[in-house]
2 protein chains.
Amino acid sequence: MTSAALGGDGAVAVDETPDTGRRLSSDERRRQILQAALAVFGARGYEGATTDEVARAAGVSQPYVVRLFGSKENLFLAALDDALTRTLTAFRAALAAAAADPDPELSEAKAAGKRIGQAFVDLIEVRGLHQTLAHGYLLGSHPVIGPASRRGFARVWRFFRDEMGLDADGARMFMAEGMLISTMIGLRIVDDYGSDPQITELFRSCFPTELPHVLDVLPRGTDRW
Amino acid sequence: MTSAALGGDGAVAVDETPDTGRRLSSDERRRQILQAALAVFGARGYEGATTDEVARAAGVSQPYVVRLFGSKENLFLAALDDALTRTLTAFRAALAAAAADPDPELSEAKAAGKRIGQAFVDLIEVRGLHQTLAHGYLLGSHPVIGPASRRGFARVWRFFRDEMGLDADGARMFMAEGMLISTMIGLRIVDDYGSDPQITELFRSCFPTELPHVLDVLPRGTDRW
DNA sequence: GTCTATAACGCGATAGAC
DNA sequence: GTCTATCGCGTTATAGAC
């Protein structure tokens, strides 16, 4: 069964993966399931998500998801790590691109910052990535997820401090903008874009340069419960 | 049974309310339960929280919580509204205080901003307030909670724009700092404060002026699952 | 590598007494 | 205003076949 078979209401829609019917390697399946997990955890949160919905979105059976990852908790940890690694990889690529192709109009730091901000927004193409990260950050009280999320958050902080070379204040500002972007995506403010002038203004203020792209990629009114 | 009876591990600790044994007015009970709900929803999230734990934290029976609020969903909406109203009330008080008692060292806008930021941090005394708000903001896909959270977010935005008089860029920066503060509280970064120099630095950078107060109020290692 | 069947449990909500 | 008892469903995880 492909994920398209449940594209109707109530389900988190995930990019269709061609269902060739053939058995995949354990590794291919893991990637497929991780993608589905990001979408489902992102839309419903850790507790709200079910392994069954992840399984259906990935086109496998529920027990098989548990089998491959051991437990729902482990699946979330894997999804979190995946999201974080993708994010930092994108940041590093943006930083390298800024160094390789400097903008004569901007200072080095400004140019890198702009590219990194764009890279973060562009990650909306990975469905549920921002929201899963944000959900993890909110579970600091969880005995297993809490420490893992703190370590992940620290990885991002170190990127800004050590790799990008910002001071504490600059790094904090980047983190803050990132949290706001994640919040706006999780809130699905895009659903109200255009209907309320205040909200429209807020949205434009958050995504100044990438607005057309964001409006195009962020699906409105889907991912509903 | 007072909430102290379950102060042990696994439970969200809530300030003890004197258990006089007498029956309270429906209104008093509602307030008591709302306080418990903020703590539990904040620590566990909407789905992770149980009406039973809210009930135990408030010292009443589980069915009674459902009875008073109709449903868990309604309870969350009430808690969200309570959190938002408290927040905006605190912001308005801070703004008024800044106008009544101007700081000769700072511009009017700077002084008000500083006070409002402090007021937001000071709300950590209301256990779970920041986290419940943040959880609400992440549930944009929920058919009922999503729209309510968007309206709430817009209320805060309008405060900065209309009441405080900021431009879109300034308002966005305040919102961003607020999201970062909420995230740090939800992450319970305070748990690692002092153990990791990078984390300590990050934490100090977020709570520059109120650090002693924050460290004092934010309980470490409690609210565990 | 993947499924079906199912066990075991936790949760929200209702009924009804006091 | 508040409780106890309980129903019924949804969920994770396990067993075991193919």
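Proteins get letters first, then strands, A, B, ... in listed order; numbering begins at 1 in each. This structure is a prediction, so every number in the text was calculated from the model and none was measured.
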Considering only heavy side-chain atoms of V66(A), the closest of dA13(D), dC3(D), dG1(C) is dA13(D)
Atom CG of L75(A) and atom P of dT11(D) are separated, to the nearest Å, by 15 Å
Practice prompt. Look at all strands and tell whether A55(A) reaches a base, only sugar-phosphate, or nothing, counting heavy atoms closer than 4.0 Å.
Written response: nothing
Here the distance between atom P of dA5(D) and atom CG of D52(B), to the nearest Å, is 14 Å
Margin query: Assess, by modelled atom type and distance only, whether the side chains of Q118(A) and R115(A) contain a donor and an acceptor separated by less than 3.5 Å.
Written below: no
Q.
Between E163(A) and R92(A) (salt bridge meaning N to carboxylate O under 4.0 Å), is one present in this structure?
A. yes
* Asked: Does the ring centre of H213(B) sit less than 6.0 Å away from the ring centre of F207(B)?
  -> no
Rounded to whole Å, the CZ-P distance (F69(B) to dG12(C)) equals 15 Å
Taken to the nearest whole Å, CZ/F76(A) to C1'/dA13(D) is 20 Å
When rounded to whole Å, the OH to P distance for the pair Y46(B) and dG12(C) reads 9 Å
When rounded to whole Å, the NZ to C1' distance for the pair K72(A) and dT12(D) reads 8 Å
In whole angstroms, the gap separating C1' of dT11(D) from CD of E73(A) amounts to 16 Å
Note: for D27(A) and P63(B) on DNA chain C, the residue whose nearest nucleotide lies more 5' is D27(A)
5'-most contact on DNA chain D (nearest-nucleotide basis), T50(A) vs R67(A), goes to T50(A)
**Prompt:** R204(A) and Y193(A): side-chain donor and acceptor closer than 3.5 Å?
**Reply:** yes
Ranking dT2(C), dG12(C), dT4(D) by distance to the side chain of Y64(A), first place goes to dT2(C)
Between the side chains of D27(B) and R30(B), is the shortest nitrogen-to-carboxylate-oxygen separation below 4.0 Å, so that they form an ion pair? no
Check this one for me: any side-chain N or O of R29(A) less than 4.0 Å away from OP1 or OP2 of dT2(C)? yes
So does T51(B) get a side-chain nitrogen or oxygen closer than 4.0 Å to the phosphate oxygens (OP1/OP2) of dG12(C)?
yes
Whole-Å distance, E47(A) CD to dG10(D) P, equals 18 Å
